[in-house]
Number of protein chains: 2
Amino acid sequence: MAEEKEKQLGITEKKDGDFSEWYTQVILRAELADYAPVRGFMVIRPRGYEIWESIQGYFNNVIFSLGVKNAYFPLLIPESFFKKEAEHAEGFAPELAWVEKKEGEEKVAIRPTSETIMYDSYSKWIRSWRDLPLRINQWCNVLRWEVKQTKPFLRTREFLWQEGHCVYETEEECWKETLLFLEEYRKLVEEQLAIAVVTGKKTAAERFAGAKETTTLEALMPDGKALQMGTSHNLGQNFAKAFEIDFLGKDGGEKLAWQNSWGFSTRLIGAIVMVHGDDKGMVIPPRVAKNKVVVVPILFEKTKKKVLKFANEINSKLKEFNSFLDDRDGYSAGWKFNEWELKGVPIRIEAGPKDMEKKQCVIVRRDTGKKRFVKVSAVKKEVFAELEKMQKDLLGNSKKFLKGNIVEVRDWNGFKKAINDKKMVYAYFCEGPACEESIKDETIVTSRCIPLNQKIPAGKCVKCGKESKEKAYFAKAY
Amino acid sequence: MAEEKEKQLGITEKKDGDFSEWYTQVILRAELADYAPVRGFMVIRPRGYEIWESIQGYFNNVIFSLGVKNAYFPLLIPESFFKKEAEHAEGFAPELAWVEKKEGEEKVAIRPTSETIMYDSYSKWIRSWRDLPLRINQWCNVLRWEVKQTKPFLRTREFLWQEGHCVYETEEECWKETLLFLEEYRKLVEEQLAIAVVTGKKTAAERFAGAKETTTLEALMPDGKALQMGTSHNLGQNFAKAFEIDFLGKDGGEKLAWQNSWGFSTRLIGAIVMVHGDDKGMVIPPRVAKNKVVVVPILFEKTKKKVLKFANEINSKLKEFNSFLDDRDGYSAGWKFNEWELKGVPIRIEAGPKDMEKKQCVIVRRDTGKKRFVKVSAVKKEVFAELEKMQKDLLGNSKKFLKGNIVEVRDWNGFKKAINDKKMVYAYFCEGPACEESIKDETIVTSRCIPLNQKIPAGKCVKCGKESKEKAYFAKAY
């Protein structure tokens with residue numbers, strides 16, 4: 001029976017085979033998420049949710065140190081609010097889920113994002129420059145009734161996210177912090193999730209509905225598609241006008257406020273799967289793994305009791321890594337190896353009777369599969385070093401992949417060839433909406449971002465040939 | 001201008017005056033919550049949400065140590081699911097908010113609780129006794145379209161909560177853990193929130209829709225009304241039958257699972273306000289206060305710089321209490337005292353030029369207003385001791401109040417008099433639905449709970465006089 005289970009348990013598709021099928025298998029079999037009874041929804045299972053909790057814990061510390069406070073605003077938004085900022089309303093209208101109207105009450109929709117409901121409160125709370133800056137974040141669920149094909153974590157009708165919403169006295173401060181939050185996102189994604197990204201601003205076509213400027217970070221997945229990892233929007237005064245967020249300035253005059261908003265979602269978990277997962281299943285980067293170590297005893301009838309005790313001792317030395325001992329009966333050590341590899345635990349420790357005699361154990365890294373004997377007396381130090389090294393190597397691999405798959409092109413033929421080769425393109429771009437539209441029409445490719453502060457000579461737009469000041473990244477996108 | 005602000009800032013109603021008005025003023029002016037644009041909803045502001053985060057942090061540790069894992073299930077529940085467990089469906093039907101039906105998709109409602117959607121997944125996940133016990137919790141928003149008068153934290157259409165849902169092999173294990181979670185709730189409420197409670201089981205009339213047995217903890221508010229602080233339900237096999245949660249038993253036979261569910265909500269924040277708040281505003285029990293200490297420097301022109309430095313030094317000694325320095329310009333020390341009293345910070349430290357000379361400062365407790373001079377060298381130790389004492393005193397006061405306001409009565413006249421005197425009643429009760437109905441009709445009073453394991457001789461039901469084995473608590477309720 002164990003044999004039979006083993007077959008069902010593992011991933012049967014290769015990562016470089018049918019990538020989409022491989023992804024779905026990892027999600028389901030590593031028990032990160034499951035399909036829900038309503039189409040386009042998902043259940044985030046404990047092993048997936050643990051990663052979200054790690055990200056929350058890290059990011060709360062970051063934003064608290066920047067003066068951001070968490071709060072919670074209502075799920076339901078009145079119809080009239082959506083009409084206040086015209087672009088915003090138009091952008092979200094097709095994806096809204098309306099609640100059946102209750103008699104005598106205004107029609108309401110489930111939030112697709114919370115700008116409008118939050119700014120209604122902000123306009124009441126903000127009276128004077130003394131109330132600024134106001135920095136509030138919320139962790140919540142949002143709903144966008146997608147008609148496109150959905151996929152767990154990557155595109156679902158409901159997802160979890162954080163949305164930060166700040167208000168400032170001046171435009172300078174607002175823009176400065178828009179970029180500060182983008183930089184914190186980059187640090188989160190690169191240093192915690194071990195995923196390399198490019199950053200920059202969006203073109204008008206890709207901008208958030210109602211924003212003056214959207215900044216973004218984009219990662220490249222193994223199938224050559226870009227994944228947007230988070231966005232930080234400079235809203236300018238668009239919403240401040242619509243929601244009358246004004247304040248008494250230091251000079252005694254009435255001023256209109258400046259705002260930004262910034263968010264990332266549970267989509268990040270999908271990115272981790274795609275970037276780090278392999279043919280054996282999930283690989284969780286050490287810093288976002290709740291249980292960083294599993295200790296598996298190698299048991300034989302004769303020495304079982306002693307070896308269990310020995311494995312327990314090792315486990316107790318590794319508590320700061322949230323290690324756990326897999327002492328389940330009725331499963332072979334091999335079965336356990338496979339299970340924890342599938343589920344992505346960063347480090348496995350094997351401890352058998354011979355190891356016990358030699359006061360040693362085996363450390364196995366999930367990403368490389370490399371085994372190393374270490375003395376039990378040094379196990380804590382060795383595990384710490386191995387986790388650090390794994391974290392660094394995962395990011396190193398991701399950086400190498402990203403660098404190796406960005407192709408700089410000069411003309412439209414080069415562009416099309418690179419996209420065919422599943423590359424991300426870097427090229428001069430005029431930023432004209434018509435030009436962007438025609439790129440999209442011909443190739444399904446969208447501009448991903450335009451790096452900030454480019455100090456380059458002008459060049460010819462890759463599509464229309466018009467003189468252009470900046471280069472942009474292009475790719476097919478999730 | 002500061003003077004004028006001061007007037008608006010404070011609470012203008014007394015706690016023993018119009019209690020409901022006092023409560024609302026504390027909620028709004030201590031900035032714990034605000035009204036939302038949709039009727040019956042609220043915005044949980046950062047100072048309220050911080051308390052929720054403290055509760056979450058504490059309780060996550062508790063449940064993790066008991067083997068519970070967090071997860072996240074969908075917001076929207078298919079219509080067909082509500083029909084599977086008849087009592088459950090009937091109980092929640094009037095309060096559901098339905099989403100406007102999308103073409104080609106099943107009608108869905110926003111979750112009022114998640115039994116049905118979770119158990120649909122459970123029936124897929126659970127195959128054998130090896131998969132049990134399964135213990136999953138989620139922190140989420142739920143929606144119940146209340147028609148009664150709503151009140152921030154106490155009764156709102158949307159609220160935040162945790163809902164734990166466990167599955168067991170045996171009835172014994174299920175009941176044992178139903179009581180274990182109830183006991184953890186008692187510890188949370190008494191030891192963290194410093195609120196005394198009585199515990200027990202609900203009568204059939206007050207039971208959760210679909211449960212076999214509901215256990216509860218009930219606190220008594222200063223206005224003589226009981227507040228349900230959390231419930232832990234033994235679901236028996238009702239949902240297991242409806243959702244076909246069966247498993248292969250150890251003996252090879254097909255078994256039906258046993259289940260419990262347990263939850264508490266942001267209502268707990270309302271309880272803290274009512275129990276501990278006073279005429280000056282909010283009082284946050286130390287263990288659930290994020291910022292346990294505020295340092296207010298007493299500034300005069302001449303010594304300003306030095307005293308600020310001195311206050312900063314004190315503040316830096318108190319980082320483990322998340323202390324903060326209020327060094328704002330343009331506000332008097334008195335204004336600051338009032339503000340942090342209103343907002344409920346447990347301990348205030350005052351530091352002026354004379355204190356600086358004597359290397360001392362003043363510790364002021366929020367609950368008693370008592371001041372004490374302490375040496376700066378001992379400030380950390382003294383603050384720690386004072387916080388512990390305050391926590392203990394708050395619970396002591398709450399226990400005293402509860403004990404002093406439970407009246408044991410023998411007959412219906414005694415019952416009515418006690419209720420008129422705003423007491424909680426303890427009396428023999430036959431548990432007959434008709435009897436309970438007539439008590440409610442005559443007095444708006446409901447049975448709150450029946451203590452478990454009563455070892456008392458039989459007595460006469462306080463209403464109908466029938467011989468009864470157990471006593472029950474009664475009160476008007478929120």
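Here is the naming used below: chain letters follow the sequence lines, and residue numbers restart at 1 for every chain.
Here A/K343 pairs with A/E339 in a salt bridge; the nearest charged N to carboxylate O distance falls below 4.0 Å. Under a 4.0 Å N-O distance rule, the pair B/K107/A/E100 qualifies as a salt bridge.
Across A/E105, A/R39, A/E106, the residue that shares the most heavy-atom pairs under 4.5 angstrom with chain B is A/E105. The candidate from B/D120, B/L76, B/I136, B/L143 with the greatest count of non-hydrogen atom pairs under 4.5 Å with chain A is B/L76. Considering only heavy-atom pairs separated by less than 4.5 Å from chain B, the leading option among A/K69, A/R45, A/M42, A/M118 is A/R45. Chosen from A/W98, A/F41, A/F81, the residue pairing most often with chain B at heavy-atom distances under 4.5 Å is A/W98. Contact count against chain A (heavy-atom pairs under 4.5 Å) is highest for B/P78 among B/A33, B/A36, B/P78. Put simply, of A/I110, A/V108, A/T156, the one with the most heavy-atom pairs under 4.5 Å next to chain B is A/I110. Ranked by heavy-atom pairs shorter than 4.5 Å toward chain A, the options B/P46, B/A109, B/C140, B/A97 are led by B/P46. Put simply, of B/K124, B/K102, B/E31, the one with the most heavy-atom pairs under 4.5 Å next to chain A is B/K102. Per-residue counts of heavy-atom pairs under 4.5 Å with chain A were compared for B/T266, B/N141, B/V38; the largest is that of B/N141. Annotation: maximal heavy-atom pairing with chain B below 4.5 Å, among A/W145, A/Y35, A/F73, occurs at A/W145.
A/R157 touches chain B through its side chain: at least one heavy atom from C-beta onward sits under 4.5 Å away, while N, CA, C and O do not. When heavy atoms are compared at a cutoff of 4.5 Å, A/E158 approaches chain B solely by way of its side chain, counted from C-beta outward. For A/L134, no part lies near chain B; criterion is any non-hydrogen pair under 4.5 Å. The parts of A/V99 that come within reach of chain B are both its backbone and its side chain, each placing non-hydrogen atoms under 4.5 angstrom from that chain. Heavy atoms of B/F159 lying under 4.5 Å from chain A are absent altogether.
Between A/Y119 and A/W125, the gap from one ring centroid to the other reaches at least 6.0 Å. Checked against the 6.0 Å centroid criterion, the rings of A/F239 and A/H88 qualify as a close aromatic pair. Less than 6.0 angstrom separates the ring centroid of A/F264 from the ring centroid of A/F59.
A/R155 is listed as a side-chain neighbour of A/K148, based on a closest heavy-atom distance under 4.5 Å.
For the 3.5 Å distance criterion, the side chains of B/T24 and B/K151 qualify, holding a donor opposite an acceptor. For the 3.5 Å distance criterion, the side chains of B/S123 and B/E244 fail to qualify, holding no donor opposite an acceptor. Using modelled atom types, one finds a donor on one side chain and an acceptor on the other under 3.5 Å when comparing A/S114 with A/Q138.
Residue pairs meeting the side-chain hydrogen bond (donor to acceptor under 3.5 Å, both in side chains) criterion with at least one partner in residues 50-63 of chain A, sequence neighbours excluded, are A/E53-B/N70, A/N60-A/N70, A/N60-A/W139.
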